[in-house]
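Notes to accompany the following structure.
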Amino acid sequence: SGKDWAEITRLGKENYYKKGDTILVQGDPKQQLHQVITGVCRVQIKKKIVNELGESEEIIEIIGKLQDQSTFGEISFILGGVASASVVADSDDVCILSLKRKQIEQFLNDKPKLTAGFFYLLSKQISTKIEGAQLTLFQNKSINRINNNDSNSNGQPKQNDFVMPDPFKLFEFPTYWEFPSNTVEFTEIDIPSTSSEFQEHASKFVSTIALIHINSNIHKVKFSTFRVTRLVRIQNPAMWLRYKQRMQSMSLDSSRISSITNVLTGLPLNQQVNEYHLYHGLNSSYMSGILRFGFDPRFCSLEGMFGAGLYFAENSSKSNQYVHSGACTCRGPSAITACKCLKSDEFSMLICRVILGDALIEKKFRGNNKGEFWYGRRTEPLRPDGIPYHSVIGESRINDTLAALQLREYIIYESSQVYPEYKIYYKRD
């Protein structure tokens with residue numbers, strides 16, 4: 001909202017420029033976000049061409065204009081790297097508001113709702129520029145440089161032409177994502193039941209049912225198996241950018257990340273940071289907000305076994321304990337008496353991408369009563385060297401006979417390490 005943006009802009013500094021002054025230099029490593037408050041600016045790049053004499057020379061090419069309320073620097077701000085173009089004042093009344101990345105990161109660290117909105121705003125701005133073919137900052141790899149030919153029988157652009165960045169490469173969206181409306185915005189995609197994508201997730205969903213849950217009394221609606229009825233892919237560019245930024249930050253610490261083994265949902269999506277698909281069960285009425293804005297750890301209960309974190313499972317049947325749908329307003333597995341779920345209901349669960357990174361594997365549980373290790377915890381525990389772990393794994397007796405849990409639990413305390421990628425709908429048969 002405008003109020004939220006105003007709160008963020010108070011972190012910035014206003015700078016004033018006259019016509020011809022350079023505001024941003026191509027190749028500058030500073031990762032900042034800028035907004036034009038007043039005046040007009042031009043965006044230009046330096047490039048080498050071969051002149052009529054066959055000699056190489058450097059020219060300046062203007063590739064865009066910026067006016068009131070225009071922003072620039074979004075791509076390098078989110079993805080890192082250097083400025084791939086220069087910005088120069090084109091009038092005498094230019095005022096630029098500049099926001100440093102570190103300042104914004106510190107400010108948003110404990111504001112998950114505001115964080116989601118901020119990245120949503122950035123992704124919408126970038127999307128608009130892509131759709132309008134008016135990107136003001138180009139990554140060097142996105143500028144197509146080819147030989148200078150007046151004609152090209154293959155229909156390729158001439159040397160001075162450029163190709164708009166491919167958003168899939170630019171933002172590293174999963175290759176199987178699709179945007180039918182050709183707009184890079186929040187989209188829900190129904191996956192055909194005949195596709196390998198559907199069949200893979202449906203098969204895994206059924207195969208990870210734990211024997212201890214079959215015909216168990218732990219939920220009002222007993223079952224012997226699950227029958228998957230729908231699979232919906234969630235494509236949320238704003239949340240994805242935030243998730244990728246966190247992944248890139250964690251990858252810098254990859255030397256201290258050890259591989260996690262025996263994860264039932266399959267091989268890692270990104271082994272360097274221990275990224276996996278995991279299940280999360282909840283009352284379906286809470287889904288829409290999470291899918292739009294992400295998880296909010298502030299609503300997590302301190303009564304959780306490992307404190308107020310986001311809990312995930314590798315067994316679909318474990319997450320199923322927390323799933324309520326239809327007319328049922330219950331939360332959690334302990335509301336059997338009040339539960340209004342019916343056998344005929346269609347239930348839904350989230351399949352999330354989760355970055356586990358450097359995980360503390362808790363074998364012998366250290367308690368969550370007052371005075372015990374996990375009591376009142378809202379953040380990751382510290383390693384012996386004082387650096388925080390990225391996540392916690394409550395180990396199962398299947399993997400270690402000394403462990404406290406029957407089935408594994410995965411706990412995240414930083415919401416940007418989670419991307420809810422699918423809604424899976426199913427029947428309890």
Side-chain angles (χ1 to χ4, degrees), residues 80 100-116 242-263 268-276 278 280 294-314 318 352-397 399-419:
K100 294 182 179 179
R101 178 171 173 170
K102 285 187 177 180
Q103 287 179 310
I104 294 180
E105 286 179 344
Q106 291 172 359
F107 177 74
L108 296 177
N109 191 44
D110 60 347
K111 298 177 181 290
K113 280 192 174 179
L114 192 56
T115 300
R242 181 170 171 246
Y243 179 74
K244 287 298 293 184
Q245 184 187 39
R246 177 63 173 166
M247 183 183 292
Q248 290 168 353
S249 174
M250 289 171 63
S251 67
L252 299 177
D253 297 327
S254 60
S255 60
R256 69 180 174 99
I257 297 177
S258 300
S259 296
I260 298 170
T261 58
N262 302 323
V263 180
L269 303 169
N270 183 327
Q271 188 170 10
Q272 185 183 37
V273 292
N274 286 324
E275 180 192 23
Y276 287 90
L278 295 171
H280 183 81
F295 289 90
D296 189 343
R298 293 177 298 179
F299 292 98
C300 296
S301 173
L302 285 168
E303 295 177 1
M305 188 173 181
F306 299 94
L310 304 169
Y311 286 70
F312 300 88
E314 60 185 7
K318 181 170 179 62
C352 300
R353 286 175 172 257
V354 181
I355 312 171
L356 299 169
D358 180 19
L360 166 64
I361 300 179
E362 179 85 344
K363 297 178 181 178
K364 185 178 179 181
F365 182 57
R366 288 174 277 183
N368 191 17
N369 295 316
K370 191 171 183 178
E372 294 181 320
F373 184 78
W374 295 103
Y375 178 77
R377 179 169 294 281
R378 285 193 178 274
T379 58
E380 303 88 344
L382 302 180
R383 291 162 28 121
D385 59 7
I387 299 174
Y389 286 98
H390 295 131
S391 65
V392 172
I393 297 176
E395 190 56 285
S396 68
R397 290 195 288 272
N399 295 313
D400 192 300
T401 56
L402 299 177
L405 298 173
Q406 287 183 299
L407 302 172
R408 261 186 180 179
E409 295 191 16
Y410 300 82
I411 304 90
I412 300 294
Y413 301 88
E414 168 51 60
S415 61
S416 62
Q417 286 173 222
V418 181
Y419 181 85

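Reckoned from all heavy atoms, side chains included, excluding hydrogens, waters and symmetry mates.
- Note: W374 and F306 have perpendicular aromatic rings, judged against thresholds of 30 and 60 degrees for the angle between ring planes.
- Within the 4.5 Å cutoff, the side chain of E362 has no heavy atoms near those of the M305 side chain.
- Contact check on R383 versus D358 returns a salt bridge, with a Lys/Arg side-chain nitrogen under 4.0 Å from an Asp/Glu carboxylate oxygen.
- The NZ atom of K318 sits 12.5 Å away from atom CG of L278, with the distance rounded to the nearest 0.5 Å.
- Two residues are said to be in side-chain contact when any heavy atoms from C-beta on lie closer than 4.5 Å; R256 and I387 meet this criterion.
- Both the sub-6.0 Å distance and the 45° axial angle are not jointly satisfied by R408 relative to the ring of Y410.
- Below 30°, between 30° and 60°, or above 60°: for F312 and F295 the angle between ring planes is above 60°, a perpendicular geometry.
- Between the side chain of N274 and the backbone N or O of P268 there is no donor-acceptor pair closer than 3.5 Å.
- Y413 has its side chain within reach of V392: a pair of non-hydrogen atoms, C-beta onward, lies under 4.5 Å apart.
- One finds the CD1 atom of I411 at 11.5 Å from the CZ atom of R377 (value rounded to the nearest 0.5 Å).
- Taking all atoms of both residues into account, the shortest heavy-atom contact from R397 to A403 is CG-O, 3.0 Å.
- Remark: K244 does not engage E275 in a salt bridge, criterion side-chain N to carboxylate O under 4.0 Å.
- For F373, the CZ atom counts as densely surrounded, since its 6.0 Å shell holds more than 12 non-hydrogen atoms of other residues, nucleotides or ligands.
- Going from atom OG of S251 over to atom CD of Q272 covers 5.0 Å, rounded to the nearest 0.5 Å.
- Under a 3.5 Å cut-off, the side chain of Y276 and the backbone N or O of E314 do not form any donor-acceptor pair.
- Interatomic distance, CD of Q248 versus CD1 of I355, reported as 10.0 Å (0.5 Å rounding).
- Expressed to the nearest 0.5 Å, how far CG of L252 lies from CD1 of I257 amounts to 9.5 Å.
- Atom CG of L356 sits about 9.5 Å away from atom CD1 of I361, to the nearest 0.5 Å.
- Nearest heavy atom pair, residue S259 against residue Q271, reads OG-NE2, 3.7 Å.
- Looking at H390 and R246, their side chains never bring a donor and an acceptor atom within 3.5 Å of each other.
- Taking a 6.0 Å sphere around CD of E372, one finds it holds more than 12 heavy atoms contributed by other residues, nucleotides or ligands.
- Contact between A404 and F365 at its shortest, heavy atoms only, is CB-CB, 3.8 Å.
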